[in-house]
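Comments concern the structure below.
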Amino acid sequence: MHKKIFFGLLILYIVLPLQAQYVVKGKIVDINKEEVPFSTIQLLGTDSVLVKGCISDSLGIFTFPNVQSGKYIVRISNVGYSTLYKDIQVSDSDNTLASFVLDGDDVLLDEVIIRGNSLIRKKDHVVVIPYKIQKKHAYSGYDLLYNLMIPGLNVNANKGVVKTARGEATLYINGVKAELREIQNLRPKDIEKVEYYDIPSGIYIGDIASINYVTKTYQLGGYVSLDGWQNIGYLSGNYNLGAKLDRNKWSYTFFGGYGMNKYNGIQENKTEKMNISDSYIHRTLVNQNALLRDNQQYAQFKVNYKAEKYNIYALAGLVGKSTPENNQSNLLHYENNTYEDVLSLSSTTEKNLKPSVCVDGIFYPTSRQRIHINITGNYAHNTYSRIYTENKLESFTHADEDLYSFRALGVYNMTWKNSSLGVSFLHDHHISSSLYEGDYRSWQHLWRGESLLNLSYMQHLFDNKITLMINPGLSLLNYKLHTQPKCQDWTFRTNSWIRYQLHSNHQFSLGFAMGNFQPDISYVNTADQTIDFLRIQRGNPNLANPTIQEYFFTYDATLNPVNLQINSWHTRIKNNVSVDYYSEGEKLISSYLSNTTYDKWKLELIASCRISDKLRINSTLKYEKFKVAGGQGLSTDNFMASLQANYFIKSFTLSAWSKSTEKTLDSRKLAVMKSPALYGVSLRYNKANWMAEMGTENPFTHKNNYREYSCTNAYQYEQSRTSRIYQQTAYVKLAYTFDFGKKTSREFNSVDRSINSAILKAE
């Protein structure tokens, strides 16, 4: 009996370990280390027989309980990604597996999603997976974004501008910020998906809207690219060179380019009524001649090192701009005969040079944490000269400026199963020193700094049906002009919203945002500038801190094959900075005040439709109402309609667009501005590494006029402006990329070609 018990226990001792079962855990992410939710995971034996199966949760996490030790194959699939197979070993030690990284898959999209909709709504953003035909008919990141026709996005591929209902979007590539106008070197075939955050959260807190291109990555190889754009109708062109070399974790990128314009300037007809010393002067201005000639050059070198836990890059750049000619000749007629009709001549020249450096790092301490640090500094030397003559009198102004800018950004994010927490700190600092000579000699020294601290908490509730974002923040603005008292303002900031997802194809959002924006440094001064011999431009260092409040409602619907969006907005700017006119002796002073409130209401309907695999259209209907309270008080309303269509055939893309007339109320000028109807067509050819495009704007319009009028107590005017650039024009674009070694992803051209200046200029 004892022997039987002994042998029984011995057998159990041997067999039970073989039957021991363990828990296997893992996480699914994409190449941008973003969680991929709701993936299908299968645990297969070495003979490919199914052992277990499950679905990952909203954070990409999955768990297999009761798994025996041994060797297995994990199969992971998700719509829009390549199916992944991975060998694993289950033992009696820790069975928390390293993150599984899914790669995009165009073949899967062509076979499956093309019959449905490529727009996938997630908890806090929209994922758009390009169709193969959309990639084939695009050469740059802007071209592809234009082809996607995402509701709410207005893409001008030629000018490199991406706008939403709230303003301009910020562009990213694999989570790294890129300038709005500089995505020309991004190859569409390397883009796996586009993430669109219409209400930014997480790492994108602070943006009006965010667009992130997720691209493939390569280890070895490089490319050299050349592209050129030439206008027909007036002299204008832009020519660029790009090169990149990838070697394992290192990449080296160089960009350089040249652009120029030469045309007959802006022609205007203008009537004015000025109240000077309690008497009115009526004047008519008729353009006689105009000429504008400018050019721009830039170069940038960038070094990037990317590892599993971090991505660091450093860059150095140089941008130069020059306007050697900006001449205007006008005939002035005075109706009260106090002055004779005279010819006025205005000649303006400008030069700008800006070197800059930047260091940026993104770190992943754990799979749930992300740290982003960015430090940017630049120096700009700006010169401005203007000569004005009228009735044998001459006025001269010359300004020489040194402007130093510094920016530091730190962002920390942590995510949990159904929530995330983030904190960000940003400091912007500018020091400007300007010397004015000529009619009015002065020295202006201004330093301005703003620090912003933001907290963000996001919570997903009721099985992700409801998403709540709470984003409190604080801004401290300091600026001081030499000989003037220091100005300091604290402002509460927030961008809080709630989103309810009825189901996967319908959702609406309701939100409130509050913040501030700094007065432009070009008019925070005590300088004077001669406009003409009756008017003087003058800065004002004592302006209040403008604050902005915004209320918004958005409804999104996917009704295959139509994507629909309805937007309703109300924006209010308190302490709005606007022009201020008053008489001083025999002169009319044009300065600035911050005593008005600006309101804007908007109702917008946007629809995009995939009529067929080859034809897509996008349309917008918009109504706006503007009002300025305080000061003189102004109001107007606007109705606008636009239509865009793309037709793909073989290697060609035929695009057509049109936009009706528009009217807006400029909050700074206190002027109503009317723009004419515009339209255009283009034909693009894409084949291998070549791209050729030709297009025309306003081909049947002989004269487009932009009208503007303002009515204040001291100064009233009505004007009509036109130029050769607004009329019948055409253009030709040509681009070629030479790849060497193994294929490598084209880097985005992140050169910041803008140059800031604090110089007060005559307007």
Side-chain angles (χ1 to χ4, degrees), residues 119 142 145-159 161-169 196 198 208-209 508 552-559 561-571 599-612 615-627 635-647 653-667 671-682 695-709 720-722 725-729:
L119 195 148
Y142 285 120
L145 200 61
Y146 179 86
N147 289 347
L148 292 179
M149 292 189 174
I150 302 174
L153 284 186
N154 183 2
V155 182
N156 187 321
N158 288 333
K159 295 182 179 179
V161 176
V162 181
K163 292 185 177 181
T164 70
R166 300 175 63 191
E168 291 195 7
Y196 172 41
D198 55 342
I208 293 175
F508 65 81
F552 58 88
F553 170 83
T554 300
Y555 171 74
D556 294 280
T558 302
L559 309 170
V562 176
N563 293 313
L564 184 70
Q565 185 178 86
I566 299 174
N567 296 311
S568 176
W569 307 87
H570 175 214
T571 301
D599 285 285
K600 176 181 176 181
W601 294 267
K602 178 191 290 186
L603 181 62
E604 187 175 45
L605 171 63
I606 305 169
S608 65
C609 179
R610 180 174 59 85
I611 296 177
S612 69
L615 178 61
R616 291 167 173 80
I617 61 171
N618 192 2
S619 60
T620 300
L621 295 175
K622 180 173 66 176
Y623 171 77
E624 294 173 304
K625 183 175 179 60
F626 307 89
K627 181 180 179 181
S635 65
T636 191
D637 54 9
N638 172 60
F639 178 82
M640 188 276 291
S642 68
L643 182 66
Q644 168 193 336
N646 287 350
Y647 184 74
T653 303
L654 178 63
S655 298
W657 59 272
S658 64
K659 183 175 71 68
S660 67
T661 58
E662 275 199 281
K663 189 163 54 173
T664 186
L665 175 58
D666 190 296
S667 62
V672 176
M673 308 173 74
K674 299 178 180 180
S675 59
L678 303 173
Y679 58 95
V681 295
S682 66
T696 179
E697 295 183 359
N698 311 312
F700 305 109
T701 302
H702 296 288
K703 193 170 185 179
N704 266 333
N705 288 297
Y706 288 76
R707 303 185 183 279
E708 181 178 325
Y709 66 87
S720 173
R721 288 192 171 192
T722 189
I725 62 176
Y726 303 148
Q727 314 311 322
Q728 299 163 307
T729 58

Between [X] and [Y], what is the shortest heavy-atom contact and its length?
| X | Y | answer |
| --- | --- | --- |
| Ala607 | Asn618 | O-OD1, 2.9 Å |
| Val681 | Ala656 | CG1-CB, 3.9 Å |
| Ser660 | Phe639 | OG-O, 4.1 Å |

Measuring from atom [atom1] of [X] to atom [atom2] of [Y], what distance do you get when rounded to the nearest 0.5 angstrom?
| X | Y | atom1 | atom2 | value |
| --- | --- | --- | --- | --- |
| Ile606 | Leu564 | CD1 | CG | 9.0 Å |
| Ser608 | Leu148 | OG | CG | 10.0 Å |
| Asp637 | Leu665 | CG | CG | 11.0 Å |
| Arg721 | Asn705 | CZ | CG | 12.0 Å |
| Ser675 | Glu708 | OG | CD | 11.5 Å |
| Leu603 | Tyr623 | CG | OH | 9.5 Å |

Is there a side-chain contact between [X] and [Y] in this structure, where contact means two heavy atoms from C-beta onward sitting under 4.5 Å apart?
| X | Y | result |
| --- | --- | --- |
| Ser655 | Thr653 | yes |
| Ser667 | Phe626 | no |
| Trp657 | Ser682 | no |
| Met640 | Ser642 | yes |
| Val162 | Leu145 | yes |

Between [Y] and [X], is there a side-chain donor-acceptor contact under 3.5 Å, judged purely by atom types and distance?
| X | Y | answer |
| --- | --- | --- |
| Glu604 | Ser568 | no |
| Gln565 | Asn563 | no |
| Gln728 | Asn698 | no |

Sequence neighbours excluded, the answer for ring-ring contact (aromatic ring centres under 6.0 Å, His included) partners of Phe552 is Trp569
*asked:* Test of understanding: with ring-ring contact (aromatic ring centres under 6.0 Å, His included), list the residues that count as partners of Tyr706, not counting sequence neighbours.
replied: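 Tyr726.
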| query | After noting the C-alpha distance and the side-chain angles of Gln727 and Thr722, does the key distance pass the side-chain hydrogen bond (donor to acceptor under 3.5 Å, both in side chains) rule? | reply | CA-CA 8 Å; Gln727 314 311 322; Thr722 189; 2.7 Å; yes
In sequence, state the C-alpha distance, the side-chain angles, and the governing distance for Ile566 and Phe508, and then conclude on side chain to side chain contact (heavy atoms under 4.5 Å, CB included).
CA-CA 9 Å; Ile566 299 174; Phe508 65 81; over 6 Å; no
Kindly determine whether Asn704 and Leu678 satisfy side chain to side chain contact (heavy atoms under 4.5 Å, CB included), including the steps that lead there.
CA-CA 9 Å; Asn704 266 333; Leu678 303 173; 3.7 Å; yes
By the definition side chain to side chain contact (heavy atoms under 4.5 Å, CB included), identify the one residue from Lys625, Lys663, Lys674 that meets it with Asn638.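 The single option meeting the side chain to side chain contact (heavy atoms under 4.5 Å, CB included) with Asn638 is Lys663.
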Exercise for the section: Just do the side chain to side chain contact (heavy atoms under 4.5 Å, CB included) check on Asn147 and Asn646 with the steps written out, would you? Expected result: CA-CA 7 Å; Asn147 289 347; Asn646 287 350; 3.2 Å; yes
Check step by step if side chain to side chain contact (heavy atoms under 4.5 Å, CB included) holds for Asp198 and Asp556. CA-CA 11 Å; Asp198 55 342; Asp556 294 280; 4.2 Å; yes
Salt-bridge present (Lys600, Glu624; N to O < 4.0 Å):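 So Lys600 pairs with Glu624 through a salt bridge.
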